[in-house]
Amino acid sequence: MSLTPKPESKKRFAPATRLVHAGRDPSEQHGFVNTPIYRGSTVLFPTYDDIQNRRGRYTYGTHGTPTSDALCDAWSDIAGAAGTVATPSGLAALSIGLMAALSAGDHLLVSDSAYRPTRIFCDEVLARFGVQTTYYDPLVGAGIADLMRENTRAVLVEAPGSLTFEMQDIPAIAEVVHARGACVIMDNTWATPLLFPPHEKGVDIAIEAGTKYLSGGSDLLLGLTSANAKYWPRLNRTYHQFSVCAGPEDMFLAMRGMRTMGLRLREHEKQGLDMARWLQARPEVLRVLHPALPEDPGHAIWKRDFTGASGLFSIVLKPVPEAALAAFLDGLELFGMGFSWGGFESLCIPFDCTPFRTATRWEPGGPTLRFHIGLEDTADLKADLDAGFARLREVAGQI
Ligand SMILES: *Cc1c(COP(=O)(O)O)cnc(C)c1O
């Protein structure tokens, strides 16, 4: 018996069902529910004719295994992609997506609110290979037309933006970019394809840092790059030429995470909104940057294009001395201070975008903190932050 729907019938299943059933066929695994970890480099060919013609579903470890097929097929199914490749990190997924789309002499447009290491890759690596990058205001919308040059081959979008959560009108941008024959690349890590189906909305190449919500456990590093039919052959070839394959153990863990990702995301959204509203009402907080809040400037776009929110957002505090901010952060009991996010645990980090944004000015009006809301009881999380605000006021005085 095969529990995996036949390819032609898959689309009739809802996303929650696909998360559970995609990418596994117990009938091929002696009835075991999950596809196991295939570790391997050499794949043996049974005959001279087979090896001469590279015949067989698998030919070498770097060219795919049943484990990588299971993960990538499942992701293509969930993301609505023609194909997906798995890389050892989210940043590697980004660099492969960019390398697949661009050649020497091309021009690239990147949102000013893109993940910072993406910028560094563009400025330091792509520049060395003759690709020039220009940063643009994430709110540009159809106005991207004015920034497109004769040689603009790709436009990178990320919504909401890293750290500052600006929303982008991706369908409007995609329409302009496609009319010019260029490629839309999206970092879709915040929403995952469950909350924003990238390829349905005009994205050609979509990136997911599987390190975050796909893992859900802060215990692995992984990236996924998916493409529509137009860009899939080029992405697949580029991936194999760079040979940046993900580790089998991490791919297995990512598949395990996939089965519960929908459930976890709903809880991160609910808990995140609860905490965001609570923070909004605090006298120490100037502003909450969360597109699912009706007051957020990006709310209309979020509501139109996204079906939900994840648990990551930022706040702007009223101006306080640095020592007050340190007192707030240093005594937190439940919120960890560290990079990455998407696990079961809550996090809080200070950030400052002023040194690296170039197309826009970031003037928040106070210190900024990014929160990831985990699966703890929110009453405990509020008590932890409440104690933090008391420490902050002790140092800062009246706010
Ligand atoms: C974390 C992150 C990445 C990179 O993922 P890594 O696996 O840490 O390399 C890329 N984009 C966004 C938006 C991220 O938050």
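Remember, predicted model here, so these are calculated numbers, not experimental data. What you see below is based on every heavy atom in this structure, not just the backbone, and it leaves out hydrogens, waters and symmetry mates. All ligand and atom numbering here is 1-based and tracks the order in the structure.
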Charged N-O contact under 4.0 Å between [X] and [Y]:
X: Arg266; Y: Glu269; answer: no
X: Glu158; Y: Arg119; answer: no
X: Lys230; Y: Asp204; answer: no
X: Asp77; Y: Arg18; answer: yes
X: Glu249; Y: Arg39; answer: yes
X: Asp330; Y: Arg391; answer: no

Geometric N/O contact [X] with ligand 1, under 3.5 angstrom:
X: Glu158; result: no
X: Ser340; result: no
X: Gly90; result: yes
X: Asp187; result: yes
X: Ala209; result: no

Using non-hydrogen atoms of the residue, decide whether Trp341 is closer than 4.0 angstrom to ligand 1.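 Yes, that is the case, since the closest heavy atom of the residue is under 4.0 Å from the ligand.
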State if Ser162 counts as touching ligand 1 under the rule of any non-hydrogen atom under 4.0 Å.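 For ligand 1, residue contact (heavy atoms, under 4.0 Å) with Ser162 is present.
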Could you give me the CA-CA distance, side-chain angles and deciding distance for Arg149 and Gln132, then say whether side chain to side chain donor-acceptor pair (under 3.5 Å) is met? CA-CA 11 Å; Arg149 301 179 189 169; Gln132 197 198 340; 3.2 Å; yes
Identity and separation of the nearest protein heavy atom to [atom]:
atom: atom 2 (C) of ligand 1; answer: Lys212 NZ, 2.4 Å
atom: atom 8 (O) of ligand 1; answer: Tyr115 OH, 4.0 Å
atom: atom 7 (O) of ligand 1; answer: Thr211 OG1, 2.5 Å

At less than 4.0 angstrom from any non-hydrogen atom of Leu91, what atoms of ligand 1 do you find?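 Per the distance check, 4 (C), 5 (O), 6 (P), 9 (O).
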For Phe339 and His372, I'd like to know if the aromatic rings sit close, meaning centre-to-centre distance below 6.0 Å.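 Distance test on ring centres: not under 6.0 Å, no.
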